[in-house]
Amino acid sequence: MQESSELLQWYDRNHRELPWRTSPVRQKSGAKPNAYHVWLSEVMLQQTTVAAVKDYFTRFIRRWPCLEDLANSDLDDVLKEWAGLGYYSRARNLHKCAQHVASVFSGEFPSSEKELLDLPGVGPYTAAAITAIAFNKHAAVVDGNVERVLSRLAALETPLPTLKRPVKDLMGQLTPKDRPGDFAQAVMDLGATVCTARNPACGLCPWMQRCQGRLTGIHESLPRKRPKKAKPTRYGAAFVIKQKDGAVLLRKRHAKGLLGGMSEVPGTDWRVSSAAPSCVTAQEWVQWAGAGDGAAKDEALSLPFKGLSLEMPETMSLCAEPVKHTFTHFHLYLQVFCCELEYGLNLPENCWWSLPNALAGEALPTVFKKALRAAQCL
DNA sequence: AAGCCGGGGTC
DNA sequence: GACCCAGGCTT
C-alpha cells in the first residue's frame, strides 16, 4: 500500500524518542518492545497528552520496574503516584490488571486482541495498541487522533460516534502487515503534531496530496461531532483543619465514583445551583449543602464531620477567594475554611493527620491541592 | 446510546 | 475565561 509506506517514511524521519518507545532503529537491530512498558504508557495516554504522561511514566517504572512489582504493590501507593494525572479509575484498574496478568498469565501479557480486551482498563483502543506496538501483530488501532486523521484523509462526514466503525475498517485496510505498531504510532503522531484539531499544518503532511478533506476544503470541520451539553455549576465548602504541629486532617473518599479512592479534606456535598448561595459562615454552608436532598436533612449539621466527635469550631474562618475547578461534567466553586484545633480528637478509620512534609505525597486530586494552597498548607 | 470520570492546552 | 480534547466503564 502506497500511503502506508509514505507515512512510515515520515515516521522514521520524525521519530520522537519517548521513554516507553522502542525506536524503529533499535527494533531493526533486534530489540523487542517491553509489553509492560507499552501497556502502562497506553493506559496513561488514555485521554491524556504525551507531555503530561512522561514524568509519571518514568516515576512508575523506577518504582515498579516490572509487572510483578506493580502487582505486589499497595493500591494506595499507586493512587499516590497517580495523583494529578486524572481519571482515577484508570489507576484502580491498572492495579487490578497487574494482579490479574501476574496470577493468570504468569506475568506475561497475552498477545491476542481478544484476550487483552478482557483485562481491566483495557478497551478496544488499548487492546489494539498493545497487539500492534508490543507484539508487532496486525491490529486496527483507533483513538481520537486516528479518527481525525482518517476522517480527513477520506473526507468521511459521518458524525461521531457512528464514525468509529468506518474509521476502524479503513485503519484495518491501511495498516501494513510489516510494521503495524509503527504505523499506528505514526498516524497518532501525525494527528498530535500535524493534523491537529485546529490550524493543522497541512504543508508538513506526508498525505497532503491525497487528503480528500483538504482537497474539498472541509478538513478543519472534520471529524463531525454532536453538540455537547452545557456543564452545570456546583457549590460547596471544604474544611482545612490543622493542629499546632501543622498536620492537616485528611479523609479517604469512597472507593468508587468521583475521585474514587483518593484522599480529601473534609467538606460539604457539592450542590448544583443556578446561582452562588449567600452563605457566609461555615455553619451556613453546611446547612445549605445539606438541604440539597431531603433525606440527608437531619444529618446536615454533622455531615462534614461524620464519624468525628467534633462540632463546627467557632474559629472556622474563610480563606481568600473560592477555589474554582472544572471536572468532566460540572464546574465547581469551593469555598475554603480553615481552623486550628487542639490535640486529642478521636479519629475514625478513614481519617488521619498528615504532617506538612507528608502532605505533598498524599493521594490528593488537583482540586484538593488547590484548596490546601488556598489555606497556605501547600 | 448516553452518562460518568480530570486535567491540560489553545485562543 | 470559554472552549476543546476523547478511552473505558456503567447503566
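The analysis underlying the following values was restricted to heavy atoms, covering all of them including side chains, and did not include hydrogens, waters or symmetry mates.
Contacts between residues 368-378 of chain A and DNA chain B, defined by a heavy-atom separation below 4.0 Å, involve no residue at all. Residues from residues 128-147 of chain A that place a heavy atom under 4.0 Å from any atom of DNA chain C, listed by number: A:Asp143, A:Gly144, A:Asn145. Near DNA chain B, meaning a heavy atom under 4.0 Å away, the residues from residues 35-56 of chain A are A:Gln47, A:Thr48. DNA chain B lies under 4.0 Å from no heavy atom of any residue of residues 159-174 of chain A. Of the residues in residues 181-199 of chain A, those placing a heavy atom less than 4.0 Å from an atom of DNA chain B are A:Arg198, A:Asn199, in numerical order.
Residue contacts shown for A:Gly260 are absent, as no nucleic acid heavy atom lies under 4.0 Å away. As judged by a 4.0 angstrom heavy-atom cut-off over every strand, A:Tyr125 is placed among residues touching the sugar-phosphate backbone only. Looking at heavy-atom distances under 4.0 Å, A:Arg148 makes contact with sugar-phosphate atoms alone, never a base.
Comparing the P positions of C:dT11 and B:dG6 gives a spacing of 16 Å, expressed to the nearest Å. Here the separation of B:dC11 from C:dA6, taken at their P atoms, is 15 Å to the nearest Å. C:dC5 and B:dC5 have their P atoms separated by 22 Å, given to the nearest Å.
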task = Quick one: do A:Arg148 and A:Asp143 satisfy salt bridge (charged side-chain N to carboxylate O under 4.0 Å, His left out)? Show the steps, please.
result = CA-CA 9 Å; A:Arg148 186 171 56 254; A:Asp143 75 340; over 6 Å; no
request  = Kindly determine whether A:Ser111 and A:Lys137 satisfy side-chain hydrogen bond (donor to acceptor under 3.5 Å, both in side chains), including the steps that lead there.
outcome  = CA-CA 8 Å; A:Ser111 66; A:Lys137 288 165 61 174; 3.3 Å; yes
request  = Output, in order, the C-alpha distance, side-chain angles, deciding distance and verdict of side-chain hydrogen bond (donor to acceptor under 3.5 Å, both in side chains) for A:Glu362 and A:Trp352.
outcome  = CA-CA 11 Å; A:Glu362 298 281 4; A:Trp352 68 98; 3.2 Å; yes
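Interatomic distance, OG1 of A:Thr328 versus CD of A:Gln47, reported as 9.0 Å (0.5 Å rounding). Interatomic distance, A:Arg26 CZ to A:Lys28 NZ, rounded to the nearest 0.5 Å: 15.5 Å. From A:Leu79, atom CG reaches atom CZ of A:Arg253 across 12.5 Å, with rounding to the nearest 0.5 Å. Here the CZ-CZ distance, from A:Phe368 to A:Arg251, works out to 8.5 Å after rounding to the nearest 0.5 Å. Annotation: the span from A:Ile61 atom CD1 to A:His37 atom NE2 amounts to 3.5 Å, rounded to 0.5 Å.
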Identify the pairs formed between an N or O of the protein and an N or O of nucleotides 9-11 of chain C at a distance under 3.5 Å, and give each distance.
unit_1, atom_1, unit_2, atom_2, d
C:dC9, OP1, A:Gly121, N, 2.5

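Other members of the hydrophobic cluster containing A:Ile218, listed by chain and number, are A:Leu222; membership follows side-chain contacts under 4.5 Å among ILVMFWY residues, whether direct or relayed.
Checked against side chain to side chain contact (heavy atoms under 4.5 Å, CB included), A:Pro24 has the following partners two or more places apart in sequence or in another chain: A:Tyr11, A:Asp12, A:His15, A:Arg179, A:Asp182. By the side chain to side chain contact (heavy atoms under 4.5 Å, CB included) test, A:Ser5 is found to be paired with no residue, residues two or more places apart in sequence or in another chain being considered. Judged as a ring-ring contact (aromatic ring centres under 6.0 Å, His included), and not counting sequence neighbours, the contacts of A:Tyr235 are A:Tyr333.
Following rounding to the nearest Å, A:Leu85 (CG) and C:dC5 (P) show an atom-to-atom distance of 20 Å. To the nearest angstrom, C1' of C:dC3 lies 16 Å from CD of A:Glu220. The OH-C1' distance, from A:Tyr87 to C:dA6, rounds to 7 Å in whole Å. The separation between A:His331 atom NE2 and C:dC4 atom C1' is 13 Å, rounded to whole Å. In this structure, A:Glu113 places its CD atom 11 Å from P of C:dG8, rounding to the nearest Å.
OP1 and OP2 of C:dA2 both lie 4.0 Å or more from every side-chain N or O belonging to A:Lys231.
A nucleotide of DNA chain B counts as in contact with chain A when one of its atoms lies under 4.0 Å from a heavy atom; the first and last such, 5' to 3', are B:dG3 to B:dC11.
Listed for the A:Thr48 side chain is no donor-acceptor partner under 3.5 Å among the backbone atoms of A:Leu45. Remark: side-chain polar atoms of A:Glu284 are paired, donor with acceptor, to backbone N or O of A:Thr281 under 3.5 angstrom.
Aromatic ring pairs are classed by plane angle as parallel below 30°, tilted from 30° to 60° and perpendicular above 60°; the pair A:Phe57 and A:Trp20 is perpendicular.
For the side-chain contact (heavy atoms from CB on, under 4.5 Å) with A:Cys202, the lone residue among A:Arg214, A:Glu220, A:Arg152 that qualifies is A:Arg214.
Of all heavy-atom pairs spanning A:Thr268 and A:Ala289, the tightest one is CB-CB, 3.5 Å. Between A:Gln212 and A:Ala155, the shortest heavy-atom distance links the atoms CB-CB, 3.7 Å.
Counting heavy atoms from C-beta outward, A:Val78 and A:Trp64 have side chains that approach closer than 4.5 Å.
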Exercise answer: donor-acceptor pairs, residues 97-105 of chain A side-chain atoms, under 3.5 Å, sequence neighbours excluded:
unit_1, atom_1, unit_2, atom_2, d
A:Gln99, NE2, A:Ala71, O, 3.2
A:Ser103, OG, A:Gln99, O, 2.9
A:Ser103, OG, A:His100, O, 3.4

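A salt bridge is defined here as a Lys NZ or Arg NE, NH1 or NH2 lying under 4.0 Å from an Asp or Glu carboxylate O, and A:Arg63 with A:Asp77 meets this definition.
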